[in-house]
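Sequential numbering from 1 along the given sequence is applied to the chain's residues. Because the structure is a prediction, the values reported are computed rather than measured.
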Amino acid sequence: MHTKRIIPCLDVNNGRVVKGVNFVDLKDAGDPVEIGKAYDAAGADELVFLDITASSDARETVVDMVRKVAETVFIPFTVGGGIRTVDDFKALLREGADKISINSSAINTPRLISDAADKFGSQCVVVAIDAKKRPDGRGWNIYKNGGRIDVGMDALEWASQVERRGAGEILLTSMDCDGTKGGYDLELTRAVADEVSIPVIASGGAGTLEDFYTALTDGRADAALAASLFHYKELEIREVKEYLRAKGISVRL
């Protein structure tokens with residue numbers, strides 16, 4: 001079995017880590033540099049940093065913050081939010097990011113995926129997919145602009161296209177489960193993992209130790225991501241990993 005990863009996520013708004021439920025009701029959760037440093041020490045396998053309300057006027061602040069976080073962590077570091085061009089990739093990779101996550105810009109300009117993969121390598125390109133079950137219950141649609149706009153495209157079709165265009169990984173968030181702590185969306189995660197051969201990171205809904213286990217087994221995810229659960233110390237990363245290892249999951253301790 002491949003080694004599975006546990007990844008804390010920092011959703012950042014105006015220079016502060018925030019967390020909400022179903023993509024709304026954001027609450028302050030701390031300083032991203034200090035939180036990133038603490039997660040590195042706590043045994044996180046990677047760190048994801050998402051500027052969830054990125055805009056051009058905040059870009060310099062974000063670049064500066066990426067530099068500061070990169071100076072304090074020694075684990076792979078993924079940055080996303082407001083990245084629209086290959087030059088944006090270059091700027092953030094130069095400041096210390098290891099991977100770049102794109103979502104709305106990938107939907108708006110699918111060629112950005114292949115252009116970035118050609119220039120920097122597929123391992124640097126993560127496509128984030130925010131998916132929500134359709135009202136008829138038959139499959140999931142993808143959303144852009146922080147979950148505000150239904151694109152009307154099937155999540156499995158988009159995941160397949162993302163892989164064909166050269167993405168190295170998919171960060172899959174269930175909008176239905178986000179922040180609820182009711183467990184990952186195993187049906188969605190498994191469907192996407194079965195659709196592609198690149199790694200899938202499960203996101204949205206972690207609430208218990210068992211949720212991580214089921215995401216990595218029943219959900220067939222390669223990694224499990226969580227935010228508020230770790231930010232508010234309801235669970236510790238080492239605790240999650242020790243639980244998984246006891247259940248026979250290969251993790252890095």
Side-chain angles (χ1 to χ4, degrees), residues 1-7 9 45-46 48 50 76 78-81 83 86 89 97-134 137-144 147 150-178 183-206 211-226 244 249-251:
M1 179 188 287
H2 292 300
T3 300
K4 303 289 189 176
R5 293 167 289 151
I6 301 300
I7 305 174
C9 178
D45 294 299
E46 298 185 16
V48 171
L50 299 178
T78 300
V79 179
I83 294 150
V86 168
F89 270 75
D98 298 288
K99 305 177 190 179
I100 303 299
S101 173
I102 52 177
N103 188 335
S104 300
S105 60
I107 294 167
N108 295 335
T109 314
R111 183 178 169 181
L112 178 59
I113 303 170
S114 45
D115 285 351
D118 288 345
K119 190 168 183 68
F120 305 111
S122 289
Q123 79 283 351
C124 288
V125 183
V126 179
V127 173
I129 298 177
D130 296 335
K132 188 174 185 178
K133 184 159 262 189
R134 290 192 283 269
R138 298 180 181 179
W140 304 264
N141 277 7
I142 62 168
Y143 285 66
K144 67 178 184 178
D150 183 349
V151 180
M153 185 187 300
D154 180 75
L156 301 187
E157 290 177 11
W158 177 233
S160 182
Q161 183 181 159
V162 158
E163 179 178 31
R164 288 197 307 274
R165 288 183 176 273
E169 197 162 38
I170 289 172
L171 171 51
L172 177 66
T173 299
S174 164
M175 293 178 61
D176 298 303
C177 296
D178 176 68
Y184 294 96
D185 188 331
L186 300 181
E187 184 186 7
L188 168 64
T189 305
R190 183 169 54 244
V192 173
D194 286 347
E195 185 73 21
V196 300
S197 58
I198 56 177
V200 173
I201 303 169
S203 170
D211 290 338
F212 288 90
Y213 177 74
T214 55
L216 300 171
T217 53
D218 296 350
R220 298 176 197 157
D222 295 271
L225 178 146
L244 292 172
I249 303 293
S250 176
V251 291

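- Between N103 and K144, the side chains place no donor N or O within less than 3.5 Å of an acceptor N or O (distance only, hydrogens not considered).
- Here D150 pairs with nothing under the salt bridge (Lys or Arg N to Asp or Glu O under 4.0 Å) rule; sequence neighbours left out.
- For K4 (side chain) and A221 (main-chain N/O), a donor-acceptor pair under 3.5 Å exists by modelled atom type.
- Between the T3 side chain and the S250 main chain, no donor and acceptor come within less than 3.5 Å of each other.
- Ring geometry for Y184 versus F212: interplanar angle over 60°, hence perpendicular rather than tilted (30 to 60°).
- Side-chain N or O atoms of T109 include none that pairs as donor or acceptor with a backbone N or O of L112 at under 3.5 Å.
- When all heavy atoms are compared, the tightest approach of A159 to V196 is O-CG1, 3.5 Å.
- Salt-bridge formation is detected for the pair D194/R220: a Lys NZ or Arg NE/NH1/NH2 atom is positioned less than 4.0 Å from an Asp or Glu carboxylate oxygen.
- Under the 3.5 Å distance criterion, the side-chain polar atoms of D222 are matched with a main-chain donor or acceptor of V200.
- Listed by first and then second residue, the salt bridge (Lys or Arg N to Asp or Glu O under 4.0 Å) pairs involving residues 99-125 are E46-K99, K99-E169, R111-D115 (not counting sequence neighbours).
- The side chain to side chain contact (heavy atoms under 4.5 Å, CB included) test with I102 is passed by exactly one of I113, L171, V162: I113.
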TODO: Mind running side chain to side chain contact (heavy atoms under 4.5 Å, CB included) on T173 and I129 for me, showing each step along the way?
DONE: CA-CA 6 Å; T173 299; I129 298 177; over 6 Å; no

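- S101 has its side chain out of reach of V48: every pair of non-hydrogen atoms, C-beta onward, lies at least 4.5 Å apart.
- No side-chain donor-acceptor contact under 3.5 Å links D218 to the backbone of T214.
- Taking the salt bridge (Lys or Arg N to Asp or Glu O under 4.0 Å) definition, one finds that E187 meets it with K133, sequence neighbours left out.
- Among all heavy-atom pairs drawn from I198 and G168, the shortest one is CB-O, 3.7 Å.
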